[in-house]
Amino acid sequence: MLFSKALIPTLRETPADAEVISHQLMLRAGMIRKVAAGIYSYLPLAQRVFQKLKTIIREEMNRIDSQEVTLPGVQPAELWQESGRWHFYGKELLRFQDRSERDFCLGPTHEEVITDLVRRNVKSYRHLPLILYQIQTKFRDEIRPRFGVMRAREFVMKDAYSFDRDEAGAEESYHKMYQAYSRIFERCGLDFRAVEADTGAIGGSFSHEFMVLADSGEDIIVYCESCGYAANLEKAEIKPPENSPSPENQKPPDKVSTPGQKTVEEVTGFLGVSPEHLIKTLIFSTDKGPVAALVRGNHEINEIKLKNYVGCEELVLADDSLVEKVTHAPRGFAGPVGLTIPIYADHALKGVVNMVAGGNENDVHFKNVNTPRDYQVTLYADLRKAEVNDPCARCGKPLKMRKGIEVGHIFKLGTKYSETLHATYLDQAGKEKRIVMGCYGIGVGRTIAAAIEQHHDKDGIIFPPTLAPYQALILPVNINEPKVCETAFKIYNALQSDGIEALMDDRDERPGIKFKDADLIGIPLRITLGRRTFEEGKVEIRNRKTGKVDLVNVEETIGYVNDHFFGKPR
RNA sequence: CGGGGAGUAGCGCAGUUUGGUUAGCGCGCAUGGUUCGGGACCAUGAGGCCGGGGGUUCAAAUCCCCCUUCCCCGACCA
């Protein structure tokens with residue numbers, strides 16, 4: 001491609017509305033332009049990168065015998081009503097009507113459509129297992145689109161769905177997909193971790209998220225260097241402490257006046273105790289009725305963990321009226337003593353004595369609260385958010401944390417959709433059985449943004465060779481020098497006929513502009529032709545990543561690009 | 001949805017507080033010239049419903065009301 005003919009509108013200045021580095025660089029490199037909040041146009045340079053990633057994805061999907069399909073973006077309400085998600089998906093599902101006022105939505109995901117396809121066309125165990133995938137545009141009406149293409153409303157996703165005869169088969173499909181995902185992200189040159197993720201209300205299933213390590217990430221990864229355990233913060237398990245009760249030291253309960261002292265800081269400050277000696281009592285409203293959760297004053301509740309133990313669909317912090325109804329006191333004075341609702345307590349509260357807790361009475365707290373003398377716990381469980389240096393649930397060594405960008409998510413669904421949508425098959429004995437499913441997603445645009453987050457410097461993008469829009473950029477310093485120009489075109493043509501994707505900067509621009517643009521768009525190899533080296537019959541080949549420059553004879557350029565950079569002779 | 005900020009040329013911004021010439025500046029863009037190894041210089045030029053609507057006024061980018069779009073911080077997700 002000739003740069004002079006290419007639509008690569010680079011920007012010198014960073015657009016004001018771009019916050020994260022990948023967003024800034026994609027705008028500056030002329031890859032994307034915003035059309036509306038969370039909706040982008042992808043320009044030729046981005047399109048080429050997308051194609052590279054899609055090719056990698058296709059190769060790895062096909063390798064595990066996953067078959068590509070294309071499902072509709074516009075989906076009828078009936079299917080979503082059948083699965084129940086027309087109601088449950090909420091506002092993120094963009095709904096609209098056609099000319100005859102029939103309800104439709106723009107597909108945010110495709111479980112309904114694909115399950116419908118399979119239930120109509122797969123009836124025998126002979127046709128299972130089956131894995132189908134597509135690479136397609138999704139629409140989710142996100143509450144807050146952010147960070148450019150990282151969290152867009154319209155975005156390209158590779159989604160795959162597996163259909164198996166039984167649990168064992170589903171786990172095998174899941175494992176194959178795990179391997180495929182690992183290979184995909186490795187081939188993209190990404191530093192990533194597969195972490196355990198929460199499965200939500202679908203019990204018995206499991207899930208992994210593929211996280212690219214980056215400080216700009218929105219997710220927190222908790223991991224153990226010792227045993228390799230890694231999980232999303234919302235899932236990360238903590239080893240229960242092995243403390244034992246010491247009944248002999250229990251002091252008698254002591255009711256104290258704490259006027260206006262509501263927060264942990266206020267109460268502990270007022271009473272002169274440290275937060276570890278306070279029981280934080282949180283009242284939650286759930287579809288199974290109100291529950292209380294107890295954690296130590298210096299710990300934070302993990303609502304997802306609590307939700308899983310309670311086994312409810314919905315769980316939110318109680319509002320003031322519910323708190324008053326349950327504790328007979330305003331917010332800030334809740335405690336376990338005398339509560340009649342189920343009490344879930346974090347492991348860290350097992351065996352501790354003489355704690356401070358709310359008195360369930362306005363302006364009152366208790367000192368020296370002990371269990372089971374003063375209150376009874378329904379269930380001790382791992383309820384709190386993991387913190388750095390908490391003991392690993394597997395090996396007890398201190399946990400560490402890093403930020404990550406979720407680029408992929410694999411999920412064993414079980415029979416959730418085959419139940420609601422009645423996707424069954426006949427087994428060898430002619431008996432009708434439910435198909436066991438899995439679903440698997442990769443955010444294509446997000447993966448590219450994540451790659452840029454991980455691979456850039458002050459001058460611009462440094463594309464991993466496998467994702468780069470072009471492999472080599474040819475840069476004649478002055479296009480008006482006939483000999484230089486002629487040789488540059490010779491090299492350009494030779495590279496192309498050798499199957500190397502080359503971008504030829506034939507623009508009549510000053511060298512500075514061309515060098516800056518070359519760095520910005522991040523092509524791995526830059527072949528510079530200037531009068532100085534050219535008179536010695538040499539070109540300069542610069543590695544965008546290392547900055548290393550080699551002087552190479554003109555006629556050896558093709559060989560250099562093939563051998564030296566791509567590592568193997570062709 | 002709650003909180004904060006912003007809409008002026010393709011990009012980055014000034015002007016708005018205190019209404020008053022033809023709405024400015026840098027970059028970019030077009031044409032010509034001098035240049036040519038890290039975002040040159042000179043000259044000429046094109047490009048604006050000052051986010052939209054309504055109001056106040058002799059007069060509105062500027063004051064008032066309504067609407068709208070976008071960005072950032074919190075609860076969802078690939």
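Residue numbers start from 1 in every chain, and the chains themselves are labelled A, B, ... in the order their sequence lines are given, proteins ahead of strands.
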Counting any heavy atom closer than 4.0 Å, what does A/Ala518 reach on the DNA or RNA strands: base, sugar-phosphate only, or nothing? nothing

Rounded to whole Å, the CZ-P distance (A/Arg85 to B/C76) equals 17 Å

So A/Gly512, base contact, sugar-phosphate only, or nothing? Heavy-atom distance under 4.0 Å. sugar-phosphate

Review point. Any donor-acceptor pair under 3.5 Å linking the side chain of A/Gln24 with the backbone of A/Thr14?
Key: no

Just call it for A/Thr533: base, sugar-phosphate, or nothing, with non-hydrogen atoms closer than 4.0 Å on any strand.
-> base

Under 4.0 Å, counting only non-hydrogen atoms across every strand here, what does A/Asp159 touch: a base, just sugar-phosphate, or nothing? nothing

For a quick check under 3.5 Å, do A/His208 and A/Tyr174 share a side-chain donor-acceptor pair by atom type? yes

query = For the residue pair A/Phe411 and A/His409, does the interplanar ring angle fall in the parallel (under 30°), tilted (30 to 60°) or perpendicular (over 60°) class?
reply = tilted

Exercise. Classify the side chain of A/Glu13 versus the base of B/G39 as yes if they form a donor-acceptor pair under 3.5 Å and no if they do not.
Key: no

Worksheet item: Base, sugar-phosphate alone, or nothing: which one does A/Thr109 contact when heavy atoms must sit under 4.0 Å apart?
Response: nothing

* **Gap in Å between the two C1' atoms, one belonging to B/G15 and one to B/C50, rounded** => 10 Å

Under 3.5 Å, N/O pairs linking protein and nucleotides 69-73 of chain B:
from	atom 1	to	atom 2	distance (Å)
B/C70	OP1	A/Ala37	N	2.8
B/C70	O3'	A/Lys34	NZ	3.2
B/C73	OP2	A/Arg144	NH1	3.1
B/C73	OP2	A/Arg144	NH2	2.8

Checking N1-N3 plus N6-O4 or O6-N4 for Watson-Crick, or N1-O2 and O6-N3 for wobble, each under 3.5 Å, the partner of B/A40 is B/U34

Can you tell me if the side-chain N/O atoms of A/Arg510 get under 4.0 Å from OP1 or OP2 in B/A40? yes

Per atom distances to the A/Arg140 side chain, the nearest of B/A78, B/G39, B/G38 is B/A78

* State, without any angle test, whether A/Asn553 and A/Lys538 hold a side-chain donor-acceptor pair at a distance under 3.5 Å. => yes

Quick one: side chains of residues 453-462 of chain A, donor-acceptor pairs under 3.5 Å with protein atoms, not counting sequence neighbours, listed by atom name and distance.
from	atom 1	to	atom 2	distance (Å)
A/Glu453	OE1	A/Ser216	OG	2.7
A/Glu453	OE2	A/Ser22	N	2.8
A/Glu453	OE2	A/Ser22	OG	2.7
A/Gln454	OE1	A/Asp191	N	2.8
A/Gln454	NE2	A/Asp191	O	3.0
A/Gln454	NE2	A/Leu213	O	2.7
A/His455	NE2	A/Gly189	O	2.9
A/His456	ND1	A/Ile452	O	2.9
A/His456	ND1	A/Glu453	O	3.1
A/Asp457	OD1	A/Asp459	N	2.9
A/Asp457	OD1	A/Gly460	N	3.2
A/Asp457	OD1	A/Arg544	NH2	2.8
A/Asp457	OD2	A/Arg544	NH1	2.9

Practice item. Establish whether the base of B/G39 is bridged to the side chain of A/Arg507 by a donor-acceptor pair shorter than 3.5 Å. Key: no

Self-check item: Main-chain N/O of A/Glu218 paired to A/Lys403 side chain as donor or acceptor, under 3.5 Å
Solution: no

- Quick one: label A/Asp219 by what it contacts on the DNA or RNA (base, sugar-phosphate, nothing), any heavy atom closer than 4.0 Å. base

(Q) Any N or O donor-acceptor pair under 3.5 Å from the base of B/C76 to the side chain of A/Arg151? (A) yes

Please classify the nucleic acid contact of A/Gly441 as base, sugar-phosphate, or nothing, using heavy-atom distances under 4.0 Å. sugar-phosphate

Is A/Arg446 reaching over with its side chain to a backbone N or O of A/Met150, donor-acceptor style, under 3.5 angstrom?
yes

Handout entry: Integer angstrom distance from the P of B/U69 to that of B/G52
Key = 15 Å

**Request:** Assess whether one donor atom and one acceptor atom, taken from the side chain of A/Glu509 and the base of B/G39, lie less than 3.5 Å apart.
**Result:** no

Answer for the Watson-Crick or wobble partner of B/A46, both distances under 3.5 Å, is none

Under a 4.0 Å heavy-atom cutoff, the residues of residues 475-488 of chain A touching RNA chain B are A/Val477, A/Asn478, A/Asn480

task: Remember a base hit wins even if backbone is also touched, and classify A/Arg526 as base, sugar-phosphate or nothing at under 4.0 Å, heavy atoms.
output: base

* Give one of base, sugar-phosphate or nothing for A/Glu209, where a contact means two heavy atoms less than 4.0 Å apart. => nothing

Could you tell me how far B/G7 sits from B/G48 if I compare only their C1' atoms? Round to whole Å.
14 Å

Using the C1' atoms only, state how far B/U56 lies from B/G74, rounded to an integer number of Å. 40 Å

Handout entry: Integer angstrom distance from the C1' of B/C70 to that of B/C27
Key = 23 Å

*C1' spacing across the pair B/A46 / B/A9, given as an integer number of angstrom*: 11 Å

Review point. Do A/Tyr309 and A/Tyr344 have ring centres separated by under 6.0 Å?
Key: no

Checklist entry - B/A78 base stacked by A/Phe155? Criteria: ring centres under 5.5 Å, plane angle under 30°. => result yes

pair_partner(B/G10), Watson-Crick or wobble, both distances < 3.5 Å, evaluates to B/C27

Rounded to the nearest 0.5 Å, the CD1 atom of A/Ile527 sits from the OG1 atom of A/Thr557 at a distance of 6.0 Å

Inter-nucleotide C1' distance (B/A6, B/C42), Å rounded: 38 Å

With no hydrogens and no angle check, is any side-chain donor or acceptor of A/Ser285 less than 3.5 Å from a backbone partner on A/Pro290?
no

*asked:* Looking only at side-chain N and O atoms, does A/Arg153 offer a donor or acceptor that is under 3.5 Å from a partner on A/Tyr40?
replied: no

Original post:
Base, sugar-phosphate, or nothing for A/Ile513, non-hydrogen atoms under 4.0 angstrom?
Top reply: base

- Could you give the distance separating B/A60 and B/U8 at their C1' atoms, to the nearest angstrom? 14 Å

Requested in this report: Go through A/Phe210 and A/Tyr178 one step at a time and tell me if the ring pair (Phe, Tyr, Trp, His ring centres under 6.0 Å) criterion holds.
Outcome: CA-CA 9 Å; A/Phe210 288 77; A/Tyr178 184 103; 5.5 Å; yes

